[in-house]
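See structure below.
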Amino acid sequence: MSNDTLKIINAEKAKTYIAQKKREDGRDFLDHRPIDVKVNVINSADGSAWVKIGNTEIIAGIKFGISTPYPDSPNQGSMVFNLEVTNIASPDVETGPPSIEAMEFGRIADRVIRSAEFMDFDKLCVVPGEKVLTVFVDCYAINADGNLIDAAQFAALSAILNCKMPKLDENNNIIYKEYTDQLLPVNKKNLPLSFTFYKVDGQLLLDATDGEEYAANARFTLGICNDVVVAYHKGGDSGTFTIDEINTMMDIASSKYNEIKKKLL
Amino acid sequence: MSNDTLKIINAEKAKTYIAQKKREDGRDFLDHRPIDVKVNVINSADGSAWVKIGNTEIIAGIKFGISTPYPDSPNQGSMVFNLEVTNIASPDVETGPPSIEAMEFGRIADRVIRSAEFMDFDKLCVVPGEKVLTVFVDCYAINADGNLIDAAQFAALSAILNCKMPKLDENNNIIYKEYTDQLLPVNKKNLPLSFTFYKVDGQLLLDATDGEEYAANARFTLGICNDVVVAYHKGGDSGTFTIDEINTMMDIASSKYNEIKKKLL
Amino acid sequence: MSNDTLKIINAEKAKTYIAQKKREDGRDFLDHRPIDVKVNVINSADGSAWVKIGNTEIIAGIKFGISTPYPDSPNQGSMVFNLEVTNIASPDVETGPPSIEAMEFGRIADRVIRSAEFMDFDKLCVVPGEKVLTVFVDCYAINADGNLIDAAQFAALSAILNCKMPKLDENNNIIYKEYTDQLLPVNKKNLPLSFTFYKVDGQLLLDATDGEEYAANARFTLGICNDVVVAYHKGGDSGTFTIDEINTMMDIASSKYNEIKKKLL
Amino acid sequence: MTTRLDNRKVDELRKIKIELGVSKNAEGSCYLEWGKNIVIATVNGPKPVFPRHLADPQKAVVDYKYRMACFSVSERKSPVPGKRDKEISLVSGNALESAIMVEQFPNTLIDVNVLILSADAGTRVAALTAASLAAADAGLPMRGMISAVAAGRANEQLVLDLTKDEEDTADAVDMACAFLMPQKEIVLLQMDGFVKKEDCSKILENALIGAEKIYDIQKKALLEKYPLEGEIQL
Amino acid sequence: MTTRLDNRKVDELRKIKIELGVSKNAEGSCYLEWGKNIVIATVNGPKPVFPRHLADPQKAVVDYKYRMACFSVSERKSPVPGKRDKEISLVSGNALESAIMVEQFPNTLIDVNVLILSADAGTRVAALTAASLAAADAGLPMRGMISAVAAGRANEQLVLDLTKDEEDTADAVDMACAFLMPQKEIVLLQMDGFVKKEDCSKILENALIGAEKIYDIQKKALLEKYPLEGEIQL
Amino acid sequence: MTTRLDNRKVDELRKIKIELGVSKNAEGSCYLEWGKNIVIATVNGPKPVFPRHLADPQKAVVDYKYRMACFSVSERKSPVPGKRDKEISLVSGNALESAIMVEQFPNTLIDVNVLILSADAGTRVAALTAASLAAADAGLPMRGMISAVAAGRANEQLVLDLTKDEEDTADAVDMACAFLMPQKEIVLLQMDGFVKKEDCSKILENALIGAEKIYDIQKKALLEKYPLEGEIQL
């Protein structure tokens with residue numbers, strides 16, 4: 001049985017459950033699957049986290065680098081975010097360069113992390129105008145069963161929150177695997193969290209599985225800090241939302257914020 | 001009806017007319033279609049021109065940049081020329097990286113502009129050996145109906161002739177959208193103009209339409225400054241020219257030089 | 001007759017000979033074809049060699065460049081090795097980017113040359129920490145009839161052994177085509193030579209032809225300096241070797257070392 | 001009501017100029033000036049899909065290509081499309097697809113090209129507005145128009161249709177919105193910022209008000225070129 | 001016997017931890033910790049080959065993809081696979097293919113993915129060891145296991161399973177070896193160094209001793225998950 | 001008549017050495033030394049075209065690949081073909097096609113490879129001259145030979161076959177010309193410079209004189225290898 005046929009069957013199954021006001025795994029439409037977070041799991045990384053949301057697994061790892069600042073922000077460090085969704089995460093993913101969808105997922109997760117002035121880039125300056133720290137956050141999908149945007153965002157956030165600053169030598173080069181006792185400078189009050197909804201036959205679903213995503217025709221991701229919206233990103237095919245639906249998703253995400261925050265801090 | 005079929009029909013039509021010593025639009029074989037030039041049409045560009053030759057439309061826009069000079073010409077600025085012929089210009093153009101033909105067209109137009117020491121690269125030097133101005137000339141085909149080489153060359157030339165020099169700050173960086181009252185340093189006496197001929201069933205055509213180009217099996221571009229030849233470029237399939245034909249085209253181009261020059265200055 | 005069919009026929013022919021304990025060209029299984037080396041054949045190169053092993057021909061050419069040293073070896077020059085196996089070498093090679101096999105061949109030949117501290121990179125330093133010489137060794141397969149790894153390694157070695165050091169001007173830039181009377185700094189005692197074996201129906205072959213290579217299911221390359229092993233590289237499909245076979249190939253290569261060395265020095 | 005940098009009212013759009021059918025080769029086309037933005041959009045198709053395995057047996061595939069001219073921004077942009085261009089192309093293509101009756105043309109391709117010639121904030125919504133007009137100009141059957149506009153915050157007030165200067169103010173937030181009109185369904189929505197929930201809802205309401213104005217302008221442009229059909233279709 | 005940097009005996013392997021079936025989507029998978037190396041391998045197939053002309057009418061094609069996570073090494077690695085990754089993928093695929101009865105599945109593809117999450121010398125042999133277990137976990141018919149290990153020289157003694165610290169010693173030599181077990185056939189062998197012939201042979205013997213240990217560990221892991229089949233197959 | 005940098009007469013060619021059939025694998029091949037230029041050309045085909053949609057039902061497609069070895073120029077050239085290589089390949093392929101009876105082999109491909117091993121001005125004409133010989137050596141039916149040469153101006157005189165040193169003189173102009181011979185039809189013509197019309201015509205005449213010399217050399221080389229056929233065909 002080809003992967004495509006399997007996807008269509010899984011999508012049909014998801015639709016049948018939803019028509020009966022249920023989900024295949026028994027969850028309510030707006031519940032997450034169990035979320036499991038392990039930090040500092042990768043010895044070679046400067047910070048790392050392994051996040052599971054149901055069967056979806058993503059590993060985020062951090063590496064520091066020294067670079068020249070951008071001319072328009074000479075005193076600010078930078079972050080490079082990268083999400084890799086390869087064949088290892090799912091046999092459905094084709095071998096070759098990253099798909100446009102994986103790129104979009106990565107960009108959305110990236111923006112949510114970047115928002116709300118969560119990371120203090122001024123504190124990543126080493127020599128003003130000359131040398132700054134770059135924080136490389138690389139996420140790898142290990143098993144893909146839906147909700148990759150949120151899983152990547154959670155994993156990146158967990159890795160960032162548990163990452164110590166590197167020691168520098170007299171020439172301001174990084175001494176690998178040596179750290180100060182300072183953590184990466186972030187503003188925990190403004191912890192931005194990603195909430196992605198899919199719409200299947202008019203029903204909004206939080207934390208959709210792969211089958212549910214395939215059945216959906218619209219996607220919406222919110223970045224939320226408590227009662228503040230930090231990002232909106234409509235995606236996922238040609239389905240539409242009403243203004244009321246947007247406001248509903250905003251309220252739901254806001255109400256779930258503290259529950260998720262607790263799992264990551 | 002597929003685009004290829006349409007092209008073949010248009011080419012056949014062109015051939016039928018030529019067999020009767022005519023062109024579909026009533027022109028003589030060695031006449032241009034109406035040429036229309038509008039300059040400074042793009043607010044964001046430092047200089048710009050919108051050139052129409054019949055239904056062919058090309059927009060050229062100029063941007064300045066600061067760069068390091070080449071080691072073998074430490075006191076000279078530089079020009080980067082780029083012609084984009086995308087799907088927007090014609091449904092016949094395939095999506096994807098630039099075609100080899102578009103690349104060749106761009107290189108020919110580029111060479112004609114570069115010839116005759118028309119642009120004074122010495123005057124684009126900012127700090128000898130360290131900083132020079134680079135003039136980026138980007139041309140976009142908006143509608144493609146033949147004669148793209150000449151149209152791109154005319155558009156680039158018009159944009160260059162109407163472009164003011166940028167102001168620099170105390171660190172010799174460009175202040176965007178601020179200009180001195182100097183024009184780009186060019187030698188108007190040596191204004192090089194491009195004349196492209198196509199050969200259909202033994203007949204030489206100036207300013208060919210798309211259908212005529214498709215019917216042709218040889219192309220020849222001359223760069224001309226009055227009675228001086230600045231460039232020769234044979235292209236376009238496996239057709240041939242005689243020495244006499246080359247000399248004829250040279251004389252025709254030379255005789256039309258002033259008429260075209262007036263439209264651009 | 002398609003190239004693939006021809007390859008299969010040549011491979012079958014090779015197998016038939018081997019079943020009769022023979023090779024098509026009459027050689028013993030562990031003999032090389034005639035090896036012919038011409039040096040300094042390319043005027044534009046700083047050093048060059050044209051190596052023929054039977055019908056296999058490879059030209060290696062050397063160019064010097066000035067570059068910034070790697071941070072972890074501020075006083076060492078570097079070597080860049082490149083092997084091109086294009087359509088010109090054989091109609092079987094497909095047009096387009098280098099094949100993975102050609103890349104592997106190049107990497108193995110590169111490693112054998114690099115081994116044994118044969119080249120003295122310290123002596124390629126120009127200004128410690130700032131400027132070093134890079135030795136570009138580019139090999140082109142002109143005709144491919146098997147044993148490309150060894151042919152490329154021999155050609156590169158011959159070019160290196162016959163290459164004089166470039167003169168530098170007062171700014172430490174290379175003066176093209178002017179040389180000191182020093183040769184490239186190498187340690188001739190540690191001359192590393194490549195010996196590639198193929199295994200066809202259990203029989204080890206040295207210096208295999210294209211047909212023999214196609215018939216084989218395992219390849220093994222040794223880098224040898226007299227009685228010292230400098231490189232081992234198993235490759236070539238899913239065939240296997242025993243430990244005894246590895247030791248046998250090691251002894252054969254070692255015993256043939258001086259014979260080949262004489263041809264190159 | 002405080003004044004905006006360019007003296008517009010908070011709910012006032014920049015000047016918009018539309019010309020349909022500008023491109024001789026394209027089946028549908030639209031030239032759009034929107035403040036200092038200049039956009040050209042062309043639409044061709046439906047036509048056969050190559051390679052065939054990219055075809056969708058349920059509907060036409062909309063291949064939306066958003067590109068910025070190298071000279072459209074302050075510092076020269078590389079001609080090679082970047083991640084931003086690809087992402088905008090993807091989400092805009094989805095947005096436009098919701099307006100076209102793609103299910104009528106299974107296994108075909110609809111080519112949409114948008115070139116930004118001059119950029120001054122809001123290029124993706126200007127592009128969608130123009131592309132939707134070009135699709136109508138191409139005679140494609142549509143269930144509505146895509147009317148797109150940005151709304152947001154600048155200088156401590158909620159405003160419609162921000163300029164680049166406004167986007168550069170300290171507290172600026174820009175929400176790109178596209179609606180399927182007259183249905184008022186959201187087909188594109190993108191924002192990055194830091195906005196209280198109440199303000200977020202308000203900005204979205206403002207965007208709808210803006211989209212309604214855009215929709216009127218679009219209808220007017222179509223009625224000018226297609227007096228009869230326009231009346232019936234829209 | 002002198003002491004090694006991490007106090008192991010010269011013929012002692014680092015600590016190895018294996019978990020099979022970790023990946024829900026893959027037909028076969030293996031998580032492997034080997035000292036400070038962390039590797040995940042998945043195997044899927046046989047399945048149809050696209051494009052078709054890449055299919056082999058005699059056997060299944062093994063598409064082995066070895067990748068290193070950007071954060072797996074001291075200085076961040078680019079996410080784009082380099083020449084080293086491609087070369088290791090090629091030779092490792094050939095090695096694994098010799099263990100799988102590929103002739104039973106003509107015209108198909110077997111997808112093998114190995115991701116190095118953390119690297120501390122010996123990643124290519126750890127990868128092959130894990131991939132071979134993942135292939136068995138996927139239920140592919142096999143003529144044996146690939147048991148891979150590095151042997152070499154460090155601090156003037158011949159040792160098994162070098163760490164990165166040992167590889168960085170002045171006289172270090174590292175020989176990556178993979179054996180088809182229990183047949184003891186060499187399927188991968190790579191070394192660069194300067195080693196007398198006698199030592200070279202000795203290192204290879206050491207590698208075989210190591211491979212036998214690895215093979216025992218692999219069998220144990222398989223028997224734990226597949227008590228009955230394991231007993232018969234291996 | 002003033003003297004040239006290398007003491008040649010103004011209408012004197014550099015020394016040319018031709019060897020046919022040098023490449024064992026190719027159906028036709030030619031090794032050419034032309035002054036300090038060294039060129040190898042091979043021709044294979046006609047053969048089937050993949051992918052098929054690139055085939056031309058009217059004629060064989062000539063795929064001409066002009067490449068410069070990294071070491072062929074003063075400063076090492078990148079091995080990746082650049083715009084110049086692609087443009088020369090395109091126009092040279094068209095030029096060669098005019099000499100081959102491509103209409104006899106519809107839907108096929110003729111592979112032409114030219115590698116410049118050493119460069120000293122005039123490589124594109126040397127390449128075409130060699131490729132034309134390789135095509136004849138491959139036994140392809142031809143309506144003539146491509147005889148190519150550069151003519152131009154250096155040190156205030158009109159000269160034939162410029163060297164790199166001559167090209168570097170202040171007033172230098174180089175016109176690359178290729179003629180289909182004996183028909184004297186121009187199949188390639190490229191020049192950039194600043195040349196009065198009269199001189200331009202004169203340079204072109206000089207080029208034809210040069211091409212006639214090249215044609216004689218080509219015929220001689222072919223007659224040496226193919227005594228009988230040569231007599232008839234040329």
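Each chain gets a letter, A, B and so on, in the order its sequence line appears, and its residues count up from 1.
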Side-chain contact test, heavy atoms from C-beta onward, threshold under 4.5 Å: evaluate it for N43(C) versus I38(F) and give yes or no.
->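 Result no, sub-4.5 Å side-chain heavy-atom pair not found.
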Are V22(F) and I142(C) close enough that some pair of their side-chain heavy atoms sits under 4.5 Å apart?
->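 No, every pair of side-chain atoms sits at 4.5 Å or beyond.
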Take atom [atom1] in [X]; do more than 12 heavy atoms of anything else shown fall under 6.0 Å from it?
X	atom1	result
K164(F)	NZ	no
K213(F)	NZ	yes
K131(C)	NZ	yes

Side-chain donor/acceptor of N25(F) to backbone N/O of A144(C), under 3.5 Å =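 Yes; at least one donor-acceptor contact below 3.5 Å.
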If only atom types and distance count, is the side chain of N55(C) paired as donor or acceptor with the main-chain N or O of K24(F) below 3.5 Å?
-> no
Can you check whether F64(C) and F71(F) have ring centres sitting under 6.0 Å from each other?
->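 Ring-ring flag for F64(C)/F71(F): false, centres at least 6.0 Å apart.
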Residues of residues 153-182 of chain C contacting chain F, heavy-atom criterion under 4.5 Å, by residue number =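 So the qualifying residues are Y176(C).
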Under 4.5 Å from a heavy atom of chain C, the part of [X] involved:
X	result
D120(F)	neither
A119(F)	backbone
E75(F)	both

Taking all atoms of both residues into account, what is the closest heavy-atom pair of E84(C) and P79(F), and its distance?
-> OE2-CB, 3.4 Å
For the residue pair C70(F) and D138(C), what are the closest heavy atoms and their distance?
-> CB-OD2, 3.2 Å
Could you tell me which portion of V41(C) (side chain, backbone, both or neither) has an atom closer than 4.5 angstrom to a non-hydrogen atom of chain F?
->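 V41(C) touches chain F through backbone heavy atoms alone.
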Part of T86(C) lying under 4.5 Å from any heavy atom of chain F = side chain
Nearest 0.5 Å, please: how far is [atom2] in [Y] from [atom1] in [X]?
X	Y	atom1	atom2	value
S23(F)	I88(C)	OG	CD1	7.0 Å
L117(F)	Y140(C)	CG	OH	8.5 Å
S44(C)	M68(F)	OG	CE	8.0 Å

